[in-house]
Number of protein chains: 2
Amino acid sequence: MSKAKFDTKSKIQDVAERFIIQGGYGNFSFRDIAEAVGIKSASVHYHYRTKGDLVATVMARYTHTFSLMLPDPHNEELDAKHLLNSFIDGFKDKIVTNGDMSLCTMLTSNKPILPEPVCDELAVFYKVKLDWVTQVLVRLEQVTEEEALIKASQLLACLHGASILVQGTNDPTFFDRALSYWKIAYV
Amino acid sequence: MSKAKFDTKSKIQDVAERFIIQGGYGNFSFRDIAEAVGIKSASVHYHYRTKGDLVATVMARYTHTFSLMLPDPHNEELDAKHLLNSFIDGFKDKIVTNGDMSLCTMLTSNKPILPEPVCDELAVFYKVKLDWVTQVLVRLEQVTEEEALIKASQLLACLHGASILVQGTNDPTFFDRALSYWKIAYV
DNA sequence: AATAAAATACCTATCACTAGATAGATAAAA
DNA sequence: TTTTATCTATCTAGTGATAGGTATTTTATT
């Protein structure tokens with residue numbers, strides 16, 4: 001296994017991920033990627049046959065990396081409050097500090113033009129995320145999964161909505177206002 | 001003033017609005033609009049010189065219509081609880097019943113490719129919306145504008161985030177879960 | 001170890017198509 | 001006779017994708 005192979009393949013994914021975050025599915029081309037990586041567009045097609053393949057792979061990798069980063073919510077050695085706060089802060093970092101949108105928010109807003117494999121990967125991601133937050137809230141609030149699911153839905157909606165509104169209003173302080181309920185409740 | 005002129009002009013806006021809601025800024029063309037209206041793409045350019053002009057006009061019209069629909073938040077004859085609930089239900093109707101995204105959410109997610117006039121109209125819309133909810137909450141919770149702004153930010157984030165997550169998870173029930181806090185608090 | 005075969009990773013060139021936009025003609029209405 | 005609203009035709013600049021070629025590296029066979 002040559003090094004070059006994997007370097008290029010993942011470089012393409014890195015670049016594609018950035019482009020998606022910054023402009024969505026429709027706003028970058030194979031030529032854009034090629035230029036950023038330093039190869040020709042035909043070579044990008046060599047690694048990923050279609051745009052759908054590429055983006056589905058990027059989304060799958062994102063989900064994978066994301067789930068590896070999430071601590072086990074059932075690990076009693078970890079404080080549930082701390083787990084949740086780190087989760088919120090991680091999101092805030094992307095949105096406020098880096099001024100980005102989250103990959104999944106961008107792709108979701110492009111859903112009408114997404115190839116099905118991408119939609120499928122997207123759904124997987126949301127499931128992983130919702131499940132994790134739900135499990136943490138079961139511990140934190142000592143409630144049933146059903147009740148925790150409701151709270152988890154509220155938190156995720158707040159987070160994703162905050163990211164939209166920070167962008168739409170050009171006001172980074174929107175994030176903290178939108179999340180203040182959760183930070184007060186758990187800090 | 002001929003009737004035809006205004007019919008076509010607003011028909012173009014109607015069609016453009018639908019296209020934006022269904023696919024965002026980048027996923028429709030002057031030809032698509034022309035076909036839907038029943039004219040040629042060059043004729044669309046006659047009414048709106050550029051795509052940016054057209055979409056900025058659509059967004060401005062949306063804000064205008066929206067603000068006309070909003071009852072006066074200071075009108076003491078109107079129940080504040082009812083105002084807020086109607087606001088939430090109106091949003092839910094679009095998202096869950098019609099399965100649409102809101103115009104502003106779509107455009108915000110396309111922000112990196114939006115011409116500046118569109119961004120400006122977008123900011124105006126969010127300001128109108130946030131101000132209105134804030135005023136209603138001042139009455140409802142008997143708090144300062146500052147505190148009401150925080151609550152308003154939370155509610156708007158919840159609403160917009162819920163719309164994203166309903167789409168991303170293919171689960172319309174997400175909306176009610178995400179908004180349950182607000183419905184419980186005020187019904 | 002030497003050589004043949006195959007896979008890898010790139011290239012050039014091009015296809016069919018769509019985009020936003022413009023020039024200039026035409027017909028009807030003011 | 002000018003304005004309005006439409007048309008046809010076309011431009012330039014992109015798009016995703018493919019065909020087919022060329023080195024280089026791996027693997028298999030002698």
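FYI, side chains are in, hydrogens and waters are out, and symmetry mates aren't considered; it's all heavy atoms of this structure. Each chain gets a letter, A, B and so on, in the order the sequences are listed, and its residues count up from 1.
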Check: B/Thr144/B/Glu147 side-chain N/O donor and acceptor closer than 3.5 Å: yes

Remember a base hit wins even if backbone is also touched, and classify B/Lys40 as base, sugar-phosphate or nothing at under 4.0 Å, heavy atoms. base

Euclidean distance, atom CD1 of residue A/Ile33 to atom P of D/dG14 [Å, nearest integer]: 17 Å

Between D/dC7 (C1') and B/Glu35 (CD): distance, integer Å: 16 Å

For residues 114-121 of chain A, please give each side-chain donor-acceptor pair under 3.5 Å, one per line with the distance, not counting sequence neighbours.
none

Ignoring backbone atoms, establish whether A/Arg49 has a side-chain N or O less than 4.0 Å from OP1 or OP2 of D/dT18. yes

Here the distance between atom P of D/dA13 and atom NZ of B/Lys51, to the nearest Å, is 19 Å

Once you round it to whole Å, what is the distance between P of D/dA13 and CG of A/Asn27? 19 Å

Contact class for B/Phe30 (heavy atom, under 4.0 Å): base, sugar-phosphate, or nothing? sugar-phosphate

Taking the minimum atom-to-atom distance to the side chain of A/Tyr46, which one of C/dA13, C/dT8, C/dA23 wins? C/dT8

With sequence neighbours excluded, what pairs up with B/Asp89 under the salt bridge (Lys or Arg N to Asp or Glu O under 4.0 Å) test? B/Lys183

C/dG20 phosphate, OP1 or OP2: any side-chain N/O from B/Ser41 under 4.0 angstrom? no

Looking only at the side chain of B/Ser43 (C-beta and beyond, no hydrogens), which of the listed nucleotides D/dA17, C/dC10, D/dT6 gets closest? D/dT6

The nucleotide from D/dT6, D/dC7, C/dC11 with an atom nearest the side chain of B/Ala42 is D/dC7

Closest to side chain of B/Thr50, choosing from D/dG16, C/dA21, C/dC10: C/dA21

What is the nucleic acid contact for B/Tyr48, judged by heavy atoms within less than 4.0 Å: base, sugar-phosphate only, or nothing? nothing

Expressed in angstrom and rounded to an integer, what is the separation of A/Phe28 atom CZ from C/dA19 atom C1'? 18 Å

To the nearest angstrom, the CD1-P distance between B/Ile39 and D/dC7 comes to 6 Å

Would you say C/dC10 has OP1 or OP2 under 4.0 Å from some side-chain N or O of A/His45? no

Calculate the interatomic distance between B/Tyr25 atom OH and C/dG20 atom P; express it in whole Å. 8 Å

Is it true that, when you exclude B/Glu141 itself, more than 12 heavy atoms of the residues, nucleotides or ligands shown sit nearer than 6.0 Å to its CD? yes

Show your working on salt bridge (charged side-chain N to carboxylate O under 4.0 Å, His left out) between B/Asp131 and B/Lys127 and close with a plain yes or no. CA-CA 6 Å; B/Asp131 284 352; B/Lys127 188 178 168 16; 2.7 Å; yes

What about A/Arg31: does its side chain form a donor-acceptor pair under 3.5 Å with the base of D/dG16? yes

